[in-house]
A.B. asks: 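Take a look at the following structure, please.
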Amino acid sequence: MTTLDVIEPATERVLDTLELTDVAELDAVVARAATAQKLWAAESPQYRGQALLAVAAAIESNAERLARLESRNVGMPIAEARGAVAGAAATFRYYAAAPERLLGHTIPVDGGVDMTFREPIGVVGLITPWNYPLTIASWKVAPGLAAGNAIVLKPAELTPLTARELAAIATAAGLPEGLLTVLVGPGRTIGRAMVEHPGIGKIAFTGSTDVGKDIARRAAGTLKRVTLELGGKSAALVFADADLDAAASGLTGAVFGNSGQDCCARSRVFVERPALEGFLERLEKVVGGIVVGDPLDENTQMGPLVSAGQAARVRAHVDGAPVLFRGSAPEGPGYWMPPTVLHPIDDAHPAAREEIFGPVVSVFAFDTEAEAVVRANDTVYGLAGSIWTSDAARSLRVARAVDAGALAVNSYTSVRVTTPFGGFKQSGLGRELGPDALDAYTEVKNVFFSTTG
Ligand code: NAD
């Protein structure tokens, strides 16, 4: 097979057919990237900042086209896709300031001056998933370039279209040739070859925990740097003194957004027992009101799942699980699945423990704060979480006690361009976004300068 059919999940029709990258091309791609990287790193910080601003502007002037492409390829509602494109532009804008702010230290030493520099790693390989293709690519491409690296990006084979567009738009906006190359193909061939390639100094990966572990093992062969953003089974803790309307209605985005194909999905909701009934009543109304349908329709809140395979996996999780209620979904064609609430469900049930990556939430009751924290932490994952309460002291106490990288109080927000994002435990390694991401794309160099003549 030398071509790849890209499918539109809402219609099951072929959206585009792309040429697969031949693994044998990788050596040449990496060599070209290495040459481009040396020239790029030698440019002034101002030049690199301006180049990233030009990419941001180019994304904005292509925004509607990119949003429609993302919406059709992922099945993401168009309103959400527009937000994703705006977020990608904002990410480039934010990191455009970074080349001039890659600060080092001076350190008091005997006999001279000691200083540190943040040097680029060289050629960085990015491997990204299918759920937020443009968003997650921009989280890696923008800081990677800002730090002076060249990028070789392999998007998920289900959703490669906006990553390719990003490279084309960026190059047209003046980004030097060879600095951002997109490869098309499966993870087990081209992705693995990237992980093992001696000319690539780092892999920044977002995807499943199993593949993340495989990458960590293989990257060890060349001691590549790795950043891993992996799966989650995040908890929301809803106390009886919380704003139950907001806690329930927010789940439209927090667990059903992008059809639940969101690593930060609050797929376990623990509700303090006196509030359980009131919470479930509200949630039933919320779920019944979610508009599921054509992603390009302005009113749609939830589209299809990304693929037949993903739909089969999600259905297998729900089969035999205790469904309390579910919303509606179109029949087909398309990979549809209604928003679904599981309750009552045991903490040990596979649907309550494994990452489903679909529009499914498990609701549990709890009696004490300490018990809620223990149960929320009883998972191999540690990506995100929410605490809903009107007691400020409790909110901070619980936020500090939950083992996760991205916590929100009275909110389901997980991600901002300006703040660090990443997982505890098996949800990942390293941080993206904010200033922390720059650490992940640089090496610290220490230089001692003798003043003793
Ligand atoms: P996946 O792990 O199957 O694939 C991710 C990428 O890795 C794809 O580009 C794929 O082609 C590539 N790949 C697959 N096998 C590989 C291998 N052996 N070597 C190198 N590359 C390989 O994940 P997915 O199904 O695309 O995405 C869903 C997963 O991503 C979920 O588990 C989700 O939680 C996770 N995710 C995490 C975050 C985060 O920031 N923590 C964000 C989005 C998605």
Side-chain angles (χ1 to χ4, degrees), residues 55-56 59 66-67 69-71 73-76 80-95 124-146 149 151-167 169-170 180-184 187 191 194 202-209 211-212 215 226-232 234 257-265 306-307 310 355 357 383-384 405-406 413-423 427-434 436-438 440-441:
V55 175
I59 292 172
L66 285 168
L69 200 56
E70 193 82 320
S71 174
N73 194 178
V74 180
M76 182 189 293
E80 211 176 322
R82 287 190 185 117
V85 174
T91 306
F92 277 90
R93 244 178 236 300
Y94 176 75
Y95 286 108
V124 173
L126 313 181
I127 301 178
T128 53
W130 44 256
N131 58 338
Y132 292 104
L134 184 65
T135 306
I136 292 174
S138 68
W139 292 358
K140 300 178 192 304
V141 173
L145 289 176
N149 301 287
I151 304 292
V152 177
L153 162 62
K154 193 208 81 64
E157 48 274 42
L158 288 172
T159 59
L161 299 182
T162 49
R164 277 164 43 97
E165 282 300 311
L166 174 66
I169 287 170
L180 170 57
T181 310
V182 174
L183 310 179
V184 176
M194 287 167 67
K202 174 196 168 88
I203 294 287
F205 170 76
T206 298
S208 59
T209 293
V211 173
I215 286 176
V226 271
T227 317
L228 305 173
E229 297 292 351
L230 309 176
S234 297
N258 206 21
S259 306
Q261 301 165 127
D262 184 328
C263 53
C264 297
V306 74
S307 66
Q310 185 62 11
E355 183 182 47
F357 227 55
L383 190 55
T413 300
S414 311
V415 171
R416 282 196 177 78
V417 175
T418 51
T419 58
F421 173 68
S427 284
L429 200 65
R431 292 294 176 271
E432 302 205 282
L433 299 175
D436 297 62
L438 294 166
Y441 290 96

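Everything numeric here is computed off the predicted structure, so don't read it as measured data.
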A.B. asks: Tell me the closest heavy-atom pair linking T128 and P155, and the distance in Å.
C.D. replies: OG1-CA, 3.2 Å

A.B. asks: Could you pull out the closest heavy-atom pair between G212 and L228, with the gap in Å?
C.D. replies: O-CD1, 3.7 Å

A.B. asks: With rounding to the nearest 0.5 Å, note down the distance linking CD1 in I59 to OG1 in T91.
C.D. replies: 8.0 Å

A.B. asks: Please report the C-alpha distance between F205 and E229 in whole Å, then the side-chain angles of each, then the deciding distance to 0.1 Å, and finally whether the side-chain contact (heavy atoms from CB on, under 4.5 Å) criterion is met.
C.D. replies: CA-CA 6 Å; F205 170 76; E229 297 292 351; over 6 Å; no

A.B. asks: Do Q261 side-chain atoms and N258 backbone N/O form a donor-acceptor pair below 3.5 Å?
C.D. replies: yes

A.B. asks: Flag the pair V182 / P160 as yes when at least one side-chain heavy-atom distance between them is below 4.5 Å, and no otherwise.
C.D. replies: no

A.B. asks: Heavy atoms only: give me the nearest L383-S427 pair and the separation to one decimal.
C.D. replies: N-OG, 3.4 Å

A.B. asks: Working to the nearest 0.5 Å, report the span between OG of S414 and CG of L433.
C.D. replies: 11.5 Å

A.B. asks: Only one of L153, V152, I215 forms a side chain to side chain contact (heavy atoms under 4.5 Å, CB included) with M194, so which one is it?
C.D. replies: V152

A.B. asks: Taking the side chain from Y95 and the backbone from G434, do they hold a donor-acceptor pair closer than 3.5 Å?
C.D. replies: yes

A.B. asks: Do P133 and N73 make a side-chain contact, defined as non-hydrogen atoms from C-beta onward lying under 4.5 Å apart?
C.D. replies: no

A.B. asks: Please lay out, stage by stage, how K140 and T206 fare under the test side-chain contact (heavy atoms from CB on, under 4.5 Å).
C.D. replies: CA-CA 10 Å; K140 300 178 192 304; T206 298; 2.7 Å; yes

A.B. asks: Do S234 side-chain atoms and A384 backbone N/O form a donor-acceptor pair below 3.5 Å?
C.D. replies: yes

A.B. asks: Using side-chain heavy atoms (C-beta onward) and a distance below 4.5 Å, is L126 in contact with V141?
C.D. replies: yes

A.B. asks: Kindly compute the distance separating CD1 (I127) from CD1 (I136), expressed to the nearest 0.5 Å.
C.D. replies: 13.5 Å

A.B. asks: Where is the tightest heavy-atom contact between A265 and G260, given as atom of each residue plus distance?
C.D. replies: CB-O, 4.2 Å

A.B. asks: What distance do D262 atom CG and E355 atom CD have between them, rounded to the nearest 0.5 Å?
C.D. replies: 9.5 Å

A.B. asks: Tell me if a side-chain donor or acceptor on Q310 pairs with a main-chain N or O of F357 at a distance below 3.5 Å.
C.D. replies: yes

A.B. asks: Given side-chain contact (heavy atoms from CB on, under 4.5 Å), test E432 with Y441 step by step and report yes or no.
C.D. replies: CA-CA 10 Å; E432 302 205 282; Y441 290 96; 4.1 Å; yes

A.B. asks: Considering all heavy atoms of both residues, which atom of A84 and which atom of T135 are nearest to each other, and what is their separation?
C.D. replies: CB-OG1, 3.5 Å

A.B. asks: Is T162 reaching over with its side chain to a backbone N or O of E165, donor-acceptor style, under 3.5 angstrom?
C.D. replies: no

A.B. asks: Should F92 and V417 count as side-chain neighbours, where that means a heavy-atom distance under 4.5 Å?
C.D. replies: no

A.B. asks: When rounded to the nearest 0.5 angstrom, what is the spacing between CG in L161 and CD in E70?
C.D. replies: 8.5 Å

A.B. asks: With a sphere of 6.0 Å drawn around CZ of R164, does it hold more than 12 non-hydrogen atoms of other residues, nucleotides or ligands?
C.D. replies: no

A.B. asks: Looking at the rings of F421 and W139, which for Trp means the six-membered one, are their centres under 6.0 Å apart?
C.D. replies: yes

A.B. asks: For side-chain contact (heavy atoms from CB on, under 4.5 Å), just list the numbers for L166 and L134, CA-CA rounded to whole Å, side-chain angles, deciding distance to a tenth of an Å, and then say yes or no.
C.D. replies: CA-CA 8 Å; L166 174 66; L134 184 65; 4.1 Å; yes

A.B. asks: If you compare all heavy atoms of L438 against all heavy atoms of A146, which two are closest, and at what distance to 0.1 Å?
C.D. replies: CD2-CB, 4.4 Å

A.B. asks: Please report the interatomic distance OG1(T181) to NZ(K154), rounded to the nearest 0.5 Å.
C.D. replies: 14.5 Å

